[in-house]
Amino acid sequence: MKLISLSANVATFHTIKFNPAGISLISAHRRTHQTNRTYNSVGKSLAIYLIHFCLGAKATPDFKEKLPGWGFRLDFMFNDGTQHYSYRTTENENIIIFDDKEMKVKAFNKMMGEKVFGLKEDDKYLSFRSLIARFIREGKSGYTTFNQFKAKEQTPTDEINTAYLLGLDINRILRKVALKEEDDLLKQQEANLSKDPVMHSLLLGSERIEDIELRLIDIRQQIDKLQQDIREFVIAEDYGEIKQQADEISRSLHTWRNTVTKCRISLENISKSLERKPDIKKQNLVNFFEEANISLGDMVIKKLEEVEAFNEQLLNDRSRILLKQQEEYTRQLKEAEQKIKELEAEENEKLQYLNSHGALGDYTKLTELLSDLKAKKEKMEQYKNLQKDYKKRREEIQLSSADENLGTQKYLDSIEDLIHHHMEFFHDLVKSFYSDKRAGLQVLNNKGFNKQRYNIEARISDDSGDGVNETKIYCFDWTLLSAKQNNSIEFLVHDNRILSETDPRQIATMFRNADRICQTNGFQYILTINECSLDLLRQEMSDEEYKRLVQDTEVLELNDASDSGKLLGIHVDLKYE
């Protein structure tokens, strides 16, 4: 695939016609020295973004708001020689017109992925947009490091796309990613299982399989006991009535036992009362006074006799009454004791019946308890089995990971020639810039348990110096393009950012290498450049070389003389990165 031209439906736009092979320069010049004007805003980077825009990049809200009615067209050619175009408007950024056929952006990108990169179906990591960024770096973030081509590209997407373009087996990356993701998922599932409030209460804070087994032994024994009780349980339909009768008997027994106690106390008191006799008899009194030489008259003695007779009569009457009461209490006591005997026998019969039978409600409670215990047992066994499964699967994953490490090393050894070709190209390109620096491109086997299969390392000694990082980016991008693996791209696009920190001598070398590689392979090299870099190049090149590599390759000159000198031909501030 090659780029032919970039145009718009508005006459002020400066159409860009790319050279069919070799270098195509989009230059920015300063025509005025006003401090508020600069060639950094004339549209160089915008031109690159518009190529992305026509190749299915994400919609840009600023376009619809600030460029209403605009449409941009990119003409390009596939390797079979057929020419095509894509047209996209700011009013409806969700649609791309491809050769007069209206397509959704997603469908367009899928079609381009098939035609340009041989993508057979939708892929989680590989896409037309992720791969095309390797040949048209996106924005400022795309020039940070050699292996970062666009913003927010995560592992393993970055590695898979780069490996695909180097001709490496990406299935090995996918398998390693799948193993790591499965292991992470298993760890998360284990954590979630142990945090489950129901399971946490069952485990009593323990997560060890051994402790769970001990808890299960207790639960199984409880279940066996309950099942035995339920098998022996006899449901009495009249259980409630019998229970009520037994309760009534118990209350009657309490009353009769109180009667027995009352009778016994009364009989004891009567017995004591019957034993009482008069304290002093008449004769005793007479003898007492005679001994004291006191003579009692006949009248006194007669009175004493009368008192004594009266007292005896009282005692006799009292005894008769007490004997009658004693007889009555004795009768009541015998009656109460007989009643108690009868009631106790009846109560015992009722209780024996109740002990050998049960109410339906009690039976239901037993079955519910059994059901709860079985559910608890099942959940704990499930947890235990899951734990075993998780442990077993994680051990299997570790073994598979070790096998993958061995297999990958054998694979890398088997494609040594391919890797050496990439290494040699990168090395020779770097040497053209720095003859005194060590440089190399390596593809190593990452044996760590992570989502990275290959360590693709581009190195230049002392690469922290100004311009060395940009040179590394330049050399790596040309290595990807020249690898010609799994794609039909024949162009490379760089923004002026790749020149910003680079020494003029190295910029001149960039031009010479680009021209040489393009002439050899028929590639296109599209580069935006500022006037200051052009001035420096004049000092590093002969007039003839400067004319051939710079002046004759310029496809568009932008300037700050007026708004008409800018890419859009108008002044507008756009946010598109």
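In this text, all values refer to a predicted model and were calculated from it rather than measured experimentally.
- Checking Q452 against T155 by side-chain atom types alone, no donor-acceptor pair falls below 3.5 Å.
- Under 3.5 Å, the side chains of S482 and T479 contain no donor-acceptor pair of N or O atoms.
- Under the rule for a side-chain hydrogen bond (donor to acceptor under 3.5 Å, both in side chains), the partners of Q188 that lie at least two apart in sequence or sit in another chain are N192.
- The closest donor-acceptor contact from the side chain of N161 to the backbone of T157 lies under 3.5 Å.
- Applying the salt bridge (Lys or Arg N to Asp or Glu O under 4.0 Å) test to every pair with at least one member in residues 407-434, sequence neighbours left out, gives no pairs at all.
- Residues that satisfy the salt bridge (charged side-chain N to carboxylate O under 4.0 Å, His left out) test with E93, not counting sequence neighbours, are absent from this structure.
- Here side chain to side chain donor-acceptor pair (under 3.5 Å) pairs that include residues 51-67, with residues two or more places apart or in two chains, are Y49-T60, H52-R129, D62-K66.
- Close placement of the F63 and F53 rings is indicated, their centers lying within 6.0 Å of each other.
- Summarising the local packing, CG of D543 is surrounded by 12 or fewer heavy atoms from other residues, nucleotides or ligands at distances under 6.0 Å.
- Ring centroids of F76 and F491 are separated by 6.0 Å or more, keeping the two rings apart.
- For S86, the side-chain hydrogen bond (donor to acceptor under 3.5 Å, both in side chains) criterion is met by no residue, not counting sequence neighbours.
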* Run the numbers on D477 and R137 for side chain to side chain contact (heavy atoms under 4.5 Å, CB included), then give the verdict. => CA-CA 9 Å; D477 288 358; R137 286 181 178 260; 2.7 Å; yes
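- Under 3.5 Å, the side chains of K2 and N79 contain no donor-acceptor pair of N or O atoms.
- Rounded to the nearest 0.5 angstrom, R548 CZ and D552 CG are separated by 9.0 Å.
- The side chain to side chain contact (heavy atoms under 4.5 Å, CB included) search around N486 returns Y164, not counting sequence neighbours.
- When all heavy atoms of F449 and K180 are compared, the closest pair comes out as O-CE, 3.2 Å.
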* To do: Applying salt bridge (Lys or Arg N to Asp or Glu O under 4.0 Å), run through D99 and K101 and close with a yes or a no.
  => CA-CA 5 Å; D99 292 347; K101 179 182 178 182; over 6 Å; no
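- Using a 3.5 Å distance cut-off with no hydrogens or angles, the side chains of N445 and Y411 do not pair a donor with an acceptor.
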* Begin from the C-alpha positions of E114 and V116 and carry the test side chain to side chain contact (heavy atoms under 4.5 Å, CB included) through to its verdict. => CA-CA 6 Å; E114 293 173 357; V116 179; over 6 Å; no
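- Checking Y454 against T162 by side-chain atom types alone, no donor-acceptor pair falls below 3.5 Å.
- Residues forming a side-chain hydrogen bond (donor to acceptor under 3.5 Å, both in side chains) with N94 (at least two apart in sequence, or on another chain): none.
- Under 3.5 Å, the side chains of N405 and R453 contain a donor-acceptor pair of N or O atoms.
- If you check the side chains of D389 and N385, you find no donor sitting under 3.5 Å from an acceptor.
- Under the side chain to side chain contact (heavy atoms under 4.5 Å, CB included) criterion, E102 pairs with I95, not counting sequence neighbours.
- Residue pairs meeting the ring pair (Phe, Tyr, Trp, His ring centres under 6.0 Å) criterion with at least one partner in residues 1-22, sequence neighbours excluded, are F13-F72.
- The shortest side-chain heavy-atom distance between L527 and I26 does not fall under the 4.5 Å cut-off.
- Under the 3.5 Å distance criterion, with hydrogens and angles disregarded, no donor-acceptor pair is assigned to the side chains of N559 and H29.
- Residue pairs meeting the ring pair (Phe, Tyr, Trp, His ring centres under 6.0 Å) criterion with at least one member in residues 524-551, sequence neighbours excluded: W478-Y525, H494-Y525.
- Listed by chain and residue number, E138, F149, K150 satisfy the side chain to side chain contact (heavy atoms under 4.5 Å, CB included) test with A133 (two or more places apart in sequence, or in another chain).
- Smallest separation of non-hydrogen atoms from Y125 and P156: CE2-CG, 3.5 Å.
- Taking CG of L558 as the reference point, atom OG1 of T528 lies at 9.5 Å (rounded to 0.5 Å).
- Between I419 atom CD1 and M423 atom CE the span is 8.0 Å, to the nearest 0.5 Å.
- Summarising the geometry of S24 relative to N19, their closest heavy-atom pair is OG-N, 2.8 Å, with the distance given to 0.1 Å.
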* Asked: Between D169 and R172, does a salt bridge (Lys or Arg N to Asp or Glu O under 4.0 Å) hold up when you go through it step by step?
  -> CA-CA 6 Å; D169 182 2; R172 293 186 175 276; 3.6 Å; yes
* Given the rule in the side chain to side chain contact (heavy atoms under 4.5 Å, CB included) test, do Y85 and I4 qualify, once you have shown the distances and angles that lead to the verdict? -> CA-CA 9 Å; Y85 75 88; I4 298 173; over 6 Å; no
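- Between E470 atom CD and F433 atom CZ the span is 11.5 Å, to the nearest 0.5 Å.
- Counting non-hydrogen atoms of neighbouring residues, nucleotides and ligands closer than 6.0 angstrom, the CZ atom of R393 exceeds 12 such neighbours.
- Under the ring pair (Phe, Tyr, Trp, His ring centres under 6.0 Å) criterion, F135 pairs with no residue at all, not counting sequence neighbours.
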* To do: Apply the test salt bridge (Lys or Arg N to Asp or Glu O under 4.0 Å) to residues R175 and E404: give CA-CA distance (whole Å), side-chain angles for both, the deciding distance (0.1 Å), then the verdict.
  => CA-CA 8 Å; R175 288 198 296 270; E404 283 294 322; 3.0 Å; yes
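- Side chains of S562 and S564: a donor on one and an acceptor on the other come within 3.5 Å.
- Of all non-hydrogen atoms in I570 and W70, the two that sit nearest each other are CD1-CZ2, 3.8 Å.
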* Asked: Checking side chain to side chain contact (heavy atoms under 4.5 Å, CB included) for the pair L480/H422: CA distance, chi angles, key distance, verdict?
  -> CA-CA 8 Å; L480 275 186; H422 300 328; over 6 Å; no
